[in-house]
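Okay, structure first, notes after.
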Amino acid sequence: MANPFVSVINLGCRVNRVESDRMERELASAGLLLVDPEEAELIVINTCAVTGEAEAKTRKAVRHALGQAREPLVIATGCAAALHPESLRELSDRVIVVPSKVDVAARSLDALGYCASAPSAYRGSCSGVLQRRARVGVKIQDGCNNRCTYCIVWKARGPERSVPVEAVLEEVRAALDEGLPEVVLTGVNLGAYDGEGPRDAHVEIDELVDTILRETAVPHIRLSSIEPMDVSDRLIACVAASGGRVAPFFHLPVQSGCTRTLKRMGRPYTAAEFEGLCHRIRAALPSASLSCDLIVGFPGETDEEFEESLALCERVGFSRMHVFRYSARPGTPAASMPHQVPPEVMAARSHRARELAARLAQQDAEARIGTVERAVIEEGCRGTLASFHRVEVSGLEEAGIAAPAIVDVAIMDVGASGLVRAQVMRSGNCGKACEAAATCDSRCLEG
């Protein structure tokens, strides 16, 4: 029997991306061939429901998959499938809704009538799936116990639960075996990690990071989005003491820079407390890059409250801002709050916030000129800095370095688009980017 052709389409957050990668590995291990959607006999769509727009994109993706020339079966899984399965089933009798992502591989095999025990030259060869990127996400946590008034994700994801420490270490070591230089720890509520270890039933996020650093040779760890109230001084100290093995990068979903708005959102901190956290991070990690999620147009947000949000963002100096217009999710408290903000007002506020985001990103990148950072080289001479800025690195070929790789680079310049230009570290490169300077000093490093 010929090996079936399958494709996996990911929508939504980094956690979804990690889960989609796992599905691809499981499907490949079962002997199915991973191909582009237009060639597939079955398409798996990992859906998202964080906003109304995300759900609309989910339905559009399903309809587009159904329209492929080979008339594939479509498996819809993920948050939208868990919340609104019937709205997806009614699109076609070729749509199979599988709310639980752990069941996707088995349901795919059943749908195709394929026996996983059939001989396959492809079984066990999943490296191609991972090697499309220079980093891999490791999901360490799922679910959320917070009840932010605008959020529907907790209903789709369920209560908080954590992956045991040994299982996390196993995934990190698997990434090392694949030659991937960066591991990204992900979770729906990452900072709520509470995993079981061999000698401790309650291993918290800082303890997990310390264990990974101590028990594996992983070159670079990055933390994905982490709630501000979960960033402890112990975690900050762990990152600071890692010697660069943990990226000095914190994505903090502040959501609003106004305390009154935060209270209506059900967020358990004030604007002042958030700003204090940013100061503590930068005191321990002066080169830290801080990014955020920001919701504009939340119910009741006045012009004054919006200006407070922008002012906080300006003071913090975020390197990246993900700006979202508030999206009412049916069944959430915020959806029935009074004083809903008109769409045209939300659009104007979103435009201003995105303009600020672009300016702050450029400022943060330019402030790094003359310094040294780690860079993950992903393809050719392009990659991502520890601070999460995009970078183009010269001197890689001469140094015999090819992607995927991790290198220290001297930051030389920043283009108008925000692309950082850097040189690979070697004798004569230092934190002052001395190849571009007339003099150097004794702090030069041997690259």
Side-chain angles (χ1 to χ4, degrees), residues 11-13 16 47-63 79-80 83-84 87-88 144 146-157 225 227-228 251-275 290-318 320-362:
L11 305 174
C13 65
N16 266 22
T47 67
C48 179
V50 67
T51 64
E53 182 182 4
E55 283 209 59
K57 287 181 178 179
T58 286
R59 291 189 292 274
K60 182 178 179 180
V62 171
R63 286 193 292 267
C79 291
L83 288 170
H84 305 296
S87 69
L88 298 175
C144 185
N146 297 327
R147 295 294 181 267
C148 300
T149 61
Y150 52 82
C151 187
I152 197 73
V153 172
W154 65 271
K155 288 188 177 181
R157 290 281 183 170
S225 178
E227 293 288 351
H251 181 80
L252 308 170
V254 60
Q255 309 300 12
S256 173
C258 170
T259 296
R260 296 185 299 282
T261 307
L262 288 168
K263 185 175 181 180
R264 293 195 302 277
M265 288 178 167
R267 304 290 285 173
Y269 51 85
T270 66
E273 288 168 343
F274 178 87
E275 202 165 351
L290 305 181
S291 71
C292 76
D293 294 336
L294 184 74
I295 297 173
V296 300
F298 189 76
E301 184 185 63
T302 64
D303 289 343
E304 179 186 9
E305 290 178 345
F306 173 65
E307 295 298 337
E308 288 183 31
S309 267
L310 290 190
L312 179 137
C313 294
E314 179 97 48
R315 290 193 302 272
V316 170
F318 290 113
R320 293 166 68 93
M321 292 170 55
H322 298 166
V323 179
F324 300 91
R325 302 181 200 183
Y326 167 71
S327 177
R329 311 305 290 127
T332 61
S336 57
M337 283 182 178
H339 310 298
Q340 298 283 323
V341 176
E344 63 273 15
V345 175
M346 281 198 279
R349 290 177 182 172
S350 175
H351 179 72
R352 283 191 60 200
R354 291 174 190 274
E355 284 186 331
L356 175 64
R359 177 165 60 83
L360 293 179
Q362 187 75 11

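Bear in mind the structure is a predicted one, so any value in this text is a computation, not a measurement.
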Check your understanding: Can you check side-chain contact (heavy atoms from CB on, under 4.5 Å) on Val323 and Leu356, steps first, answer last?
Key -> CA-CA 10 Å; Val323 179; Leu356 175 64; over 6 Å; no
Output the distance between atom [atom1] ([X]) and atom [atom2] ([Y]), rounded to the nearest 0.5 Å.
X	Y	atom1	atom2	result
Met337	Arg264	CE	CZ	7.5 Å
Arg349	Leu310	CZ	CG	9.5 Å
Glu314	Arg359	CD	CZ	4.0 Å
Glu355	Ser350	CD	OG	10.0 Å
Lys263	Ser256	NZ	OG	14.0 Å
Arg267	Thr259	CZ	OG1	13.0 Å

Please name the pair of heavy atoms, one in [X] and one in [Y], separated by the smallest distance, quoted to 0.1 Å.
X	Y	answer
Glu227	Pro253	OE1-CG, 3.6 Å
Met321	Ala353	CE-O, 4.0 Å
Thr149	Gly266	CG2-N, 4.1 Å
Glu308	Cys258	OE1-SG, 3.5 Å
Val254	Cys292	CG1-CB, 3.9 Å
Leu360	Phe318	CB-O, 3.2 Å

What orientation do His322 and His251 show, parallel under 30°, tilted 30 to 60°, or perpendicular over 60°?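 Geometry flag for His251 against His322: tilted rings.
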Should Glu53 and Arg325 count as an ion pair when the cut-off is N to O under 4.0 Å?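 No, Glu53 and Arg325 are not salt-bridged.
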For Glu55, is there an ion pair with Arg329 - N to carboxylate O distance below 4.0 angstrom?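 Yes, charged N to carboxylate O under 4.0 Å.
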**Asked** So, the side chain of Thr332 versus the backbone of Cys151: is there a donor-acceptor pair under 3.5 Å, distance only?
**Response**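 Checking the backbone N and O of Cys151 against the side chain of Thr332, no donor-acceptor pair under 3.5 Å is found.
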